[in-house]
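Below is one structure, written out as structure tokens; the observations come after it.
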Amino acid sequence: MSLLVIGSVAFDALETPFGKRDKIIGGAGTFISLSAANFVKPVNLVSVVGGDFLKSDIAMMQGKGINTDGLQVKENEKSFFWSGRYFNDMNSRETLATELNVLGDFDPIIPESYQDCQYLMLGNLAPQVQRQVIERLTNRPKLVVMDTMNFWMDIAYDDLIQTIGMVDVLSINDEEARQLSKEYSLVKAAKKIMAMGPKYLIIKKGEHGALLFHQDEIFYAPALPLEEVFDPTGAGDTFAGGFIGYLASTDDISFDNMKRAVIHGSAMASFCVEQFGTERLVDLKEEELAERVAQFAKLVNF
């Protein structure tokens with residue numbers, strides 16, 4: 001089933017206890033699309049880059065099954081850039097630089113070939129941009145999933161609440177859930193957030209897994225214990241890509257299948273953190289994914 005992804009395609013500069021990368025491909029749209037393409041093809045991407053973005057990186061994405069007809073290239077401008085440093089526990093980081101560049105006035109144009117998509121993944125962007133995408137679709141998709149962050153809660157709260165009310169699934173981390181709901185208990189937080197509009201809520205807890213809420217039902221998926229975590233950048237977006245990609249491939253949005261989608265998203269995120277940026281996702285093989293999902297099945301079965 002057709003999948004539309006909206007999100008940033010960017011450059012990252014990273015520093016972790018395991019090393020540095022000065023300029024590598026990143027962005028929510030990139031991680032989501034590369035992850036989802038393991039389950040469904042094509043992944044229809046809407047984003048924007050500058051003339052500094054390498055044609056070889058666009059070709060790589062196309063080779064992985066990502067349709068870039070909706071990728072705007074502004075030749076005389078620069079791509080979005082983010083630089084950050086992770087500390088020893090890898091759960092905390094310091095942002096060193098954020099340069100919006102082409103993302104500052106991003107106007108999401110939906111190609112005609114992308115219309116009538118059945119599944120829509122709204123990667124972390126300004127909530128008014130996310131809302132524009134929904135409003136510019138001829139027909140409402142079967143499922144709309146949205147990711148956001150505390151930054152928008154701080155500076156665009158009213159816009160954010162309006163957009164949250166238009167989606168089916170909201171994906172945020174535990175800190176963001178508490179800020180949005182003003183509740184410390186994640187169960188109470190989930191009830192308040194779902195009352196804002198979404199039928200389903202995913203609360204990501206990093207190395208402690210993820211929670212899926214729907215009405216009075218709760219599902220918990222652990223994170224896979226890994227020997228080494230090289231770079232957590234993009235793990236949440238990779239999770240979201242695996243989640244929506246699996247749902248689109250099975251075309252089943254029941255709560256039971258969403259549980260399976262959470263596991264597949266978690267499996268994808270576990271690969272993402274094993275190398276810098278998108279390096280592990282680009283080289284991922286189908287049999288490795290199947291083996292990783294089986295590991296998760298063993299982890300939660302008793």
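Count residues from 1 along the sequence.
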Full working for side-chain contact (heavy atoms from CB on, under 4.5 Å) between Val48 and Leu103 = CA-CA 7 Å; Val48 61; Leu103 210 58; 4.0 Å; yes
So [X] and [Y], would you call those rings parallel, tilted or perpendicular, with 30° and 60° as cut-offs?
X      : Y      : result
Trp82  : Tyr86  : perpendicular
His264 : Phe39  : perpendicular
Tyr200 : Phe255 : parallel

Short N-O contact, [X] and [Y], less than 4.0 angstrom:
X      : Y      : result
Asp12  : Arg21  : no
Asp168 : Lys199 : yes
Asp231 : Arg280 : no

Mark yes or no for whether [X], through its side chain, and [Y], through its backbone, hold a donor-acceptor pair below 3.5 Å.
X      : Y      : result
Ser171 : Asp147 : no
Thr95  : Gly84  : no
Ser35  : Met268 : no
Gln115 : Thr138 : yes
Asp52  : Ser79  : yes
Tyr114 : Leu45  : yes
Ser254 : Asn257 : yes

key: Partners meeting ring pair (Phe, Tyr, Trp, His ring centres under 6.0 Å) with Phe53 (sequence neighbours left out)   = Phe11
request  = Show the numbers, then the answer: is there a salt bridge (charged side-chain N to carboxylate O under 4.0 Å, His left out) between Glu274 and Arg292?
outcome  = CA-CA 13 Å; Glu274 288 182 338; Arg292 186 64 56 92; 3.1 Å; yes
Same cluster (ILVMFWY, side-chain, under 4.5 Å), Phe31 and Leu54 = no
ask   = Passes side-chain contact (heavy atoms from CB on, under 4.5 Å), Thr233 versus Thr16? Steps please.
value = CA-CA 10 Å; Thr233 308; Thr16 82; over 6 Å; no
request  = Test side-chain contact (heavy atoms from CB on, under 4.5 Å) on Ile25 and Met60 and set out the steps.
outcome  = CA-CA 11 Å; Ile25 184 174; Met60 176 276 291; 4.2 Å; yes
Least distance between heavy atoms, Leu201 atom then Ala190 atom = CD2-CA, 3.5 Å
message = Testing the basics here: between Ile32 and Gly123, what is the closest heavy-atom pair and its distance to 0.1 Å?
response = CD1-CA, 3.7 Å
Worked verdict on Asp251 versus Tyr119 for side-chain contact (heavy atoms from CB on, under 4.5 Å) = CA-CA 9 Å; Asp251 196 25; Tyr119 292 84; 2.7 Å; yes
message = Just to verify, which of Ile193, Leu170, Ile203 counts as forming a side chain to side chain contact (heavy atoms under 4.5 Å, CB included) with Phe213?
response = Ile203
